[in-house]
Amino acid sequence: MGKNKVLLLDGNSLAYRAFFALPLLTNEHGIHTNSVYGFTMMLQKILDEEQPTHMLVAFDAGKTTFRHTTFGEYKGGRQKTPPELSEQFPYLRKLLTAYQIPQYELSMFEADDIIGTLSKQAEAQGQEVIIVSGDKDLTQLSSDTTTVYITRKGITDMEKYTPAHIQEKYGITPNQIIDMKGLMGDSSDNIPGVPGVGEKTALKLLVEHHSVDGVYEAIDQLKGKLKEKLEANEEQAKMSKVLATIETEAPITIGLDDLSYQGPDMDQVIKIWQELAFKSLLEKTTYAQVEEAKSEITFTQLTEITEEHLSDEMAVHLELYDEQYHTADMLGIALVDDKHAYFIKVEDAFASESFRTWLADDSKKKRLVDSKASLAAFHRNDVLLDGVEFDFVLAAYIVNPAITSDDVAVLSREFGYGDVFTNEQVYGKGAKKSVPSDAELGEHIVRKAMAVWNLRTIMDNKLKDNEQYELYQDLELPLATILGKMESDGVKVDRQTLVDIGEDLAGKLTEIEQTIYHAAGETFNINSPKQLGVILFEKLGLPALKKTKTGYSTAADVLEKLEGKHEVISHILLFRQLGKLQSTYIEGLLKEIHTDDGKIHTRYQQALTQTGRLSSTNPNLQNIPVRLEEGRKIRKAFVPSQPGWILFAADYSQIELRVLAHMSDDEELIDAFRNDLDIHTKTAMDVFHVEAEAVTSDMRRAAKAVNFGIVYGISDYGLSQNLSITRKEAAEFIDRYLKSFPGVKQYMDDIVHDAKQKGFVTTILNRRRYLPDITSSNFNLRGFAERTAMNTPIQGSAADIIKKAMIDMAARLEKDNLQAKMLLQVHDELIFEAPPEEIAILEKIVPEVMEHAIELKVPLKVDYAYGPTWYDTK
DNA sequence: GAGATCACG
DNA sequence: ACGTACGTGATCTCC
């Protein structure tokens, strides 16, 4: 052999390190992947940096080794391997096979011994060796030609142990590592050593006496407790040294010649990465391979679309340059069916009369990536779109809301279709992002349309298998069009009102700022929790009640507890409150008002939340202040789009608790809602065992918190935090609640049990959420999953109900030929604008439609209000 | 880009 | 013993 580089990896040790260094990731089938992922990251890095010519991953063969004949309790008391890790070993083995890296294990020996034996063989031939492990024991193998890499924090950060490094760090030679272990032992392997001797003492002894034997030869020079301890444990020390010694002449049946490494079989590696959903690795490092894997496509670039190009059913893809489709550049359009593939520039497409007619014709069926985005973008050019029968993004979301990517390439690959490039591959990212040549762009867009064309059947089948086809077809798909119209219509915002409030705030903020600086005795950045913490808890000496990862917590609930202790606290709270209004709601909203129409056009993300709710972005119109009066004034800026019109808002009363009553079938709760009782008062009566007249406002407040807790998946700790009571008192409240509502208790138990059985929970309309962590042995993760199992059917069913109501409402407005428009949705409320003469009609039909969107075992109740601004709809 | 904070349901 | 309320998005600081 010539100049080679031999890389020897300790498979078990590295798999363990990766497992504990990373959170418990899972793929969509609920298989844990964190260990394999971490191992892969490390492997990629080391292959990259070291370019080895020979490789081996050594594994432990089983529980019993030759060391157990020396010491029966070797590695005793060790926690058994967590099942979340055990299940990953087969995948790790498969992955290594794909990398074409030899693996080896030997009965009765540990991975260490295989590595030790091979490293000595390589050394004898003068080869360079690199050993990688998470176990410092291996450093005893370090030599002039062998370097031992030990993982530090995380998984890709390694400390390199050469003899010089060991000398510097410990003051001993690699050989003496075993003497050190003999004296100090190793709790993780249950090697006893000499009790009372730790690393420092062991090293001191070794510097003077060189070895375990040397220490005992010189035992008479020692004195006191140390001498006694050493004398009492001589046998044990010598045995411990033997246990810690790595075997370098294990009877292995492979040699260096068997380790030659040629590089990975990337096709196989990618297949496994896909199976395990290693998305970042797939995107980052496999550009070349992914590109190679694409099939050839052909397409025609058109300059005009005529009837001959169009058929009764096609995939249509409008490519946008960024996700903000209300303003994004339109880059091109692709049209694809079984026989055709066209690319056309947007101007040419819009200039084609046949195309516009075809797009607006609902009898011509279209398959799209994201129908709402296309609809909104077309709308900007007064181009209509109808006849959408497939929306890939929505279908994927319904199949599994955990699939979060919005890139067609990534999404397609999730469902087995790999012929699309990622946007990053085509456009680049960050400052380098740019539009490529027409040919390249056209291909990219056509590939997306082809994906959508081909994925329709696959997705339809999945949806039908899951009994989710109706949810998708009759709820989400029509809702996309409705939301698209709401977004495009937008909501009118009076700029001057915001500016006026902003000026008022600016004055107050400057004043409070000065007061705070004066109280603190210096100026500092009040917006910096770090600087504020120093002022409050060090300079002013206030008690730090709570800590965050990075330092003192200065969150509002902490400061409120300090309010009596120093006058500055209330000023800080007010500064925070007003500062939030200024930056997020005054400045933030002003930036979002479109200059052409004076309106704000939010985007509803329909395929994002894990529960089925919508979310609202750019800006978020679902969190406009309402709870405090100062903030609520912001709503005065939200006005009707036409002079004299009125805003009309309707919200569901207690929809989540009503859903709970329905799903749990709890008699008491059902009864309460059928009789339209005040549910928090009713809860207070049951929890505090009092009559309605005796319920105080504090009791009602506590009962309200209990009801929230029930919906969130209750825990005594959470409730105790919320109510500032002891955990025991909180537990007592919960206990009494569950005794009063036994059906609820039964439901909570059943839903968690059910989730463990099936791996997912469902809503009234069969929306799913997978909960892979619900069987985790990690207390924390399992707890989260259990609370999610309790909460998601409630929150998600409420979302189902209002979505259905929106569809019914849109149909009703159209059927009754009303001018009224649905503008906003805020989880349990709908906001409309209408001419004054239609208000009386809305008062009748809005509650009627919303209350009967879905029939539950209890009535749904809707409250409404109207006025000249959003502020007045209370 | 992450963490802290705070706005909403 | 463990260490938490469920679901979001925007802004600010600091690395």
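To find a chain, count down the sequence lines: A is the first, B the second, and so on, and within it residues start at 1.
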Visitor: Which value, in whole Å, describes the distance between the C1' atoms of nucleotides dC6(B) and dC2(C)?
Guide: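 Their C1' atoms lie roughly 29 Å apart.
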Visitor: Pick base, sugar-phosphate or nothing for A785(A), based on heavy-atom distances below 4.0 Å to the nucleic acid.
Guide: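 Since no nucleic acid heavy atom lies under 4.0 Å of A785(A), the category is nothing.
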Visitor: Under 3.5 Å, is there a donor on one side chain and an acceptor on the other for T869(A) and D872(A)?
Guide: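 Yes, D872(A) and T869(A) have a side-chain donor paired with an acceptor closer than 3.5 Å.
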Visitor: What would the secondary structure line of DNA chain C be in dot-bracket form, counting Watson-Crick and G-U wobble pairs under 3.5 Å, with [ ] for pairs that cross earlier ones and | for pairs with another strand?
Guide: .....|||||||||.
Visitor: Say we look at dT4(C) and dG3(B): how far apart would their P atoms be, to the nearest angstrom?
Guide: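 Each nucleotide's P atom is 14 Å from the other's.
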Visitor: 5'-most contact on DNA chain C: N525(A) or Y717(A), nearest heavy atom basis?
Guide: Y717(A)
Visitor: With distance as the sole criterion, is a donor-acceptor pair present between the side chains of E729(A) and T726(A) under 3.5 Å?
Guide: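 T726(A) and E729(A) do have a side-chain donor-acceptor pair below 3.5 Å.
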Visitor: Does Q721(A) reach a base, just sugar-phosphate, or nothing at all? Heavy atoms under 4.0 Å.
Guide: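 No contact at all - Q721(A) keeps every heavy atom at 4.0 Å or more from the nucleic acid.
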Visitor: Using a cut-off of 4.0 Å on non-hydrogen atoms, how would the nucleic acid contact of N618(A) be classed: base, sugar-phosphate, or nothing?
Guide: sugar-phosphate
Visitor: Is the shortest side-chain heavy-atom distance between R495(A) and D500(A) below 4.5 Å?
Guide: no
Visitor: Let's see if you get this right: which residues in residues 724-739 of chain A place a heavy atom under 4.0 Å from DNA chain B?
Guide: none
Visitor: Taking atom CG of L509(A) and atom CG of L578(A), what is their separation to the nearest 0.5 Å?
Guide: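 That separation rounds to 5.5 Å.
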Visitor: State which residues pass salt bridge (charged side-chain N to carboxylate O under 4.0 Å, His left out) with K599(A); sequence neighbours excluded, sorted by chain then number.
Guide: none
Visitor: With a strict under 4.0 Å distance from non-hydrogen atoms of chain A, what nucleotide opens and what nucleotide closes the contacted stretch of DNA chain C, reading 5' to 3'?
Guide: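 Range of nucleotides touched by chain A: dC2(C) to dC15(C).
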Visitor: Students often get this wrong, so: under 4.0 angstrom with heavy atoms, is G709(A) touching a base, only sugar-phosphate, or nothing?
Guide: base
Visitor: Considering every strand and a 4.0 Å limit on heavy-atom distances, what is the contact class for N527(A): base, sugar-phosphate, or nothing?
Guide: sugar-phosphate
Visitor: What one-letter contact string describes nucleotides 3-9 of chain B from 5' to 3', where B marks a base within less than 4.0 Å of any protein heavy atom, S marks contact via sugar-phosphate atoms alone, and - marks no contact?
Guide: -SSBBBB
Visitor: Any chance the side chains of N525(A) and S528(A) put a donor and an acceptor closer than 3.5 Å?
Guide: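 Absent: no donor and acceptor within the cut-off.
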Visitor: Tell me which donor-acceptor pairs under 3.5 Å the side chains of residues 708-725 of chain A have, and how far apart each pair is, sequence neighbours excluded?
Guide:
| unit_1 | atom_1 | unit_2 | atom_2 | d |
| --- | --- | --- | --- | --- |
| S715(A) | OG | G718(A) | N | 3.0 |
| S720(A) | OG | D716(A) | O | 3.4 |
| S720(A) | OG | Y717(A) | O | 2.6 |

Visitor: Does the Lys NZ or Arg CZ of K739(A) fall within the cation-pi geometry relative to F741(A) - under 6.0 Å from the ring centre and within 45° of the axis?
Guide: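 No, cation not above the ring by the 6.0 Å, 45° rule.
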Visitor: Below 4.5 Å, heavy atoms only, C-beta onward: do Y747(A) and L660(A) meet side chain to side chain?
Guide: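 Result yes, sub-4.5 Å side-chain heavy-atom pair found.
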Visitor: Taking atom types as modelled and ignoring hydrogens, do the side chains of T683(A) and R736(A) form a donor-acceptor contact shorter than 3.5 angstrom?
Guide: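 Result is no, nothing qualifies.
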Visitor: What nucleic acid atoms does L608(A) come within less than 4.0 Å of, heavy atoms only: base, sugar-phosphate, or nothing?
Guide: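 If one applies the 4.0 Å heavy-atom cut-off, L608(A) turns out to touch the sugar-phosphate alone, with no base involved.
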Visitor: Just by distance, do the side chain of K803(A) and the backbone of G612(A) share a donor-acceptor pair under 3.5 Å?
Guide: yes
Visitor: Give one of base, sugar-phosphate or nothing for S616(A), where a contact means two heavy atoms less than 4.0 Å apart.
Guide: sugar-phosphate
Visitor: Pick the P atom in dA7(B) and in dG3(C), then give their distance to the nearest Å.
Guide: 29 Å
Visitor: Indicate whether the side chain of Q795(A) and that of T611(A) have a donor and an acceptor atom separated by less than 3.5 Å.
Guide: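 Yes, side-chain donor-acceptor contact under 3.5 Å.
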Visitor: Where does the angle between the aromatic ring planes of Y864(A) and F648(A) fall among parallel (under 30°), tilted (30 to 60°) and perpendicular (over 60°)?
Guide: parallel
Visitor: If we check side chain to side chain donor-acceptor pair (under 3.5 Å) with E487(A), which of these qualifies: H601(A), R603(A), K372(A)?
Guide: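 Testing E487(A) for a side chain to side chain donor-acceptor pair (under 3.5 Å) against H601(A), R603(A), K372(A) leaves exactly one candidate, K372(A).
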Visitor: Classify the nucleic acid contact of S615(A) as base, sugar-phosphate or nothing, counting any heavy atom under 4.0 Å across all strands shown.
Guide: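 Here S615(A) touches the backbone only, sparing every base.
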